[in-house]
Number of protein chains: 2
Amino acid sequence: MSTATLLPLTVKDAAACCAPLAREPLGAEQAEDLARSLKAIADPARLRLVSLIAASEGQGACVCDLTDLLDLGQPTVSHHLKVLMDAGFLTRSKRGTWAYYALVPGSLDALSRLLVTT
Amino acid sequence: MSTATLLPLTVKDAAACCAPLAREPLGAEQAEDLARSLKAIADPARLRLVSLIAASEGQGACVCDLTDLLDLGQPTVSHHLKVLMDAGFLTRSKRGTWAYYALVPGSLDALSRLLVTT
DNA sequence: AGTCGATATTGACAGCCGTCGATATACCGG
DNA sequence: CCGGTATATCGACGGCTGTCAATATCGACT
């Protein structure tokens with residue numbers, strides 16, 4: 001049953017575990033893994049962050065930009081970015097004082113494939 | 001900006017509102033709508049319910065079956081089913097004493113399309 | 001060294017959410 | 001009409017979560 005790891009549990013793990021949601025009933029553990037991934041993006045602020053970062057591909061987006069685009073304090077934005085990283089949707093690369101976040105390629109698509117019914 | 005309704009706010013509404021997440025940054029309201037839909041399925045019990053119901057297409061699934069498949073009390077299952085209905089993923093049809101739930105066709109796919117980056 | 005600017009971490013707090021037990025509602029068979 | 005069965009609703013409780021203010025960390029520049 002998938003990786004059974006204690007630590008990372010990224011989107012890829014959850015996506016690798018099972019067939020498209022509607023294909024066959026998923027077990028308890030698979031459901032928890034998938035739910036964890038979905039919970040990570042099921043938040044307005046985090047959806048906007050992912051969206052903004054995806055749209056600014058090439059350079060990645062630095063936290064300073066994101067902070068004033070959303071209407072949230074800097075610690076809160078930092079927190080959301082961490083959640084998205086831990087879930088395997090984003091990567092961070094520090095360049096000087098700034099931190100640039102980028103989408104993990106295929107992470108969203110992996111999730112998307114699990115939901116499709118066709 | 002989509003429908004701007006107060007009441008139903010189904011998956012279709014959220015899906016109709018905007019381009020695929022990664023296409024262009026989404027606004028605050030769109031993010032809230034989409035997050036509401038995602039939150040509805042971002043739960044282990046509800047994922048299993050959707051999965052079970054999807055797999056039992058043809059007749060739909062009655063609550064009694066679902067209740068002992070999941071390891072949850074009947075009121076809890078009923079609650080989750082209501083959440084999924086309000087979000088527009090399921091429909092209920094009472095036949096006699098029993099209630100049969102079925103997937104709203106295309107509801108999962110609508111969500112899936114919003115996540116895809118290709 | 002010392003300051004400043006950018007980001008991360010911590011601690012606290014309010015509000016939401018999943019779960020349950022108890023109860024209500026509705027339907028069927030005698 | 002009455003008991004039984006299936007489902008929904010209600011109220012309560014514990015735990016999780018999003019947010020912020022305060023603080024820590026780290027890098028750059030002088």
Side-chain angles (χ1 to χ4, degrees), chain A residues 9 28-29 31-53 56 59-87 89-102, chain B residues 9 28-29 31-53 56 59-87 89-102:
Chain A
L9 192 55
E29 300 183 13
E32 291 226 28
D33 293 353
L34 182 48
R36 230 184 308 266
S37 294
L38 282 169
K39 272 179 201 289
I41 49 168
D43 175 274
R46 293 198 283 271
L47 281 171
R48 296 191 71 189
L49 283 173
V50 167
S51 178
L52 285 165
I53 291 171
S56 75
Q59 280 303 320
C62 95
V63 181
C64 53
D65 299 336
L66 301 171
T67 302
D68 26 86
L69 281 177
L70 306 206
D71 208 17
L72 293 173
Q74 173 266 320
T76 304
V77 171
S78 216
H79 162 69
H80 285 309
L81 290 169
K82 177 172 172 46
V83 171
L84 289 169
M85 272 199 49
D86 292 347
F89 289 103
L90 298 183
T91 55
R92 172 175 58 197
S93 64
K94 293 208 71 171
R95 229 175 302 165
T97 313
W98 293 272
Y100 289 85
Y101 285 84
Chain B
L9 191 56
E29 300 183 14
E32 292 228 25
D33 294 352
L34 182 48
R36 229 184 308 265
S37 294
L38 283 170
K39 272 180 203 289
I41 48 168
D43 176 274
R46 292 198 284 270
L47 281 171
R48 296 190 72 189
L49 283 172
V50 167
S51 177
L52 285 166
I53 292 171
S56 76
Q59 280 304 321
C62 95
V63 181
C64 52
D65 298 336
L66 301 171
T67 301
D68 26 85
L69 281 177
L70 306 204
D71 208 17
L72 293 173
Q74 174 267 321
T76 304
V77 171
S78 217
H79 162 69
H80 286 309
L81 290 169
K82 178 173 171 45
V83 171
L84 288 169
M85 272 199 51
D86 292 346
F89 289 102
L90 298 183
T91 56
R92 172 177 56 197
S93 65
K94 294 207 71 170
R95 231 174 301 164
T97 313
W98 295 272
Y100 288 85
Y101 285 84

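Note on naming: letters A, B, ... go to the chains in the order of the sequence lines (proteins, then strands), and numbering restarts at 1 for each one. As the structure is a prediction and not an experimental result, all values here were calculated from the model.
With DNA chain C read from its 5' end, the first of the two nearest nucleotides for B/Arg95 and A/Ser78 is the one closest to A/Ser78.
Taking the 5' to 3' direction, DNA chain C first and last meets chain B under 4.0 angstrom from a heavy atom at C/dG18 to C/dC28.
The side chain to side chain contact (heavy atoms under 4.5 Å, CB included) search around B/Thr91 returns B/Ala102, B/Val104, not counting sequence neighbours. In terms of the salt bridge (charged side-chain N to carboxylate O under 4.0 Å, His left out) criterion, residue partners of A/Lys82 (sequence neighbours excluded) are, by chain and number, A/Asp86.
For residues 35-46 of chain A, the pairs satisfying salt bridge (Lys or Arg N to Asp or Glu O under 4.0 Å) are A/Asp33-A/Arg36, with sequence neighbours left out.
In terms of heavy-atom proximity, B/Pro44 sits nearest to A/Ala31 at O-CB, 3.6 Å. Minimum interatomic distance between B/Leu47 and A/Ala35 (heavy atoms only, all atoms of both residues): CD1-N, 3.5 Å. When all heavy atoms of B/Leu81 and B/Tyr101 are compared, the pair lying nearest together is CD1-CE1, 3.5 Å.
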Side-chain atoms of residues 62-77 of chain B: list all donor-acceptor pairs with protein atoms under 3.5 Å, sequence neighbours left out, distances to 0.1 Å.
from, atom 1, to, atom 2, distance (Å)
B/Thr67, OG1, B/Val63, O, 2.8

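Within 4.0 Å of B/Tyr101, counting heavy atoms only, lie sugar-phosphate atoms of the nucleic acid but no base atom.
In this structure, B/Arg92 atom CZ and D/dA6 atom C1' are separated by 12 Å, rounded to whole Å.
Residue B/His79 places none of its side-chain N or O atoms closer than 4.0 Å to OP1 or OP2 of D/dT7.
Atom-to-atom distance recorded for A/Arg48:CZ and A/Ile53:CD1 is 12.5 Å, nearest 0.5 angstrom.
Residues from residues 62-73 of chain B placing a heavy atom under 4.0 Å of any atom in DNA chain C, listed by number, are B/Leu72, B/Gly73. Contact check of residues 39-48 of chain A against DNA chain D (heavy atom, cut-off under 4.0 Å) returns A/Asp43, A/Arg46.
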Identify all pairs in which a protein N or O lies below 3.5 Å from an N or O of nucleotides 21-27 of chain D, and state each distance.
none

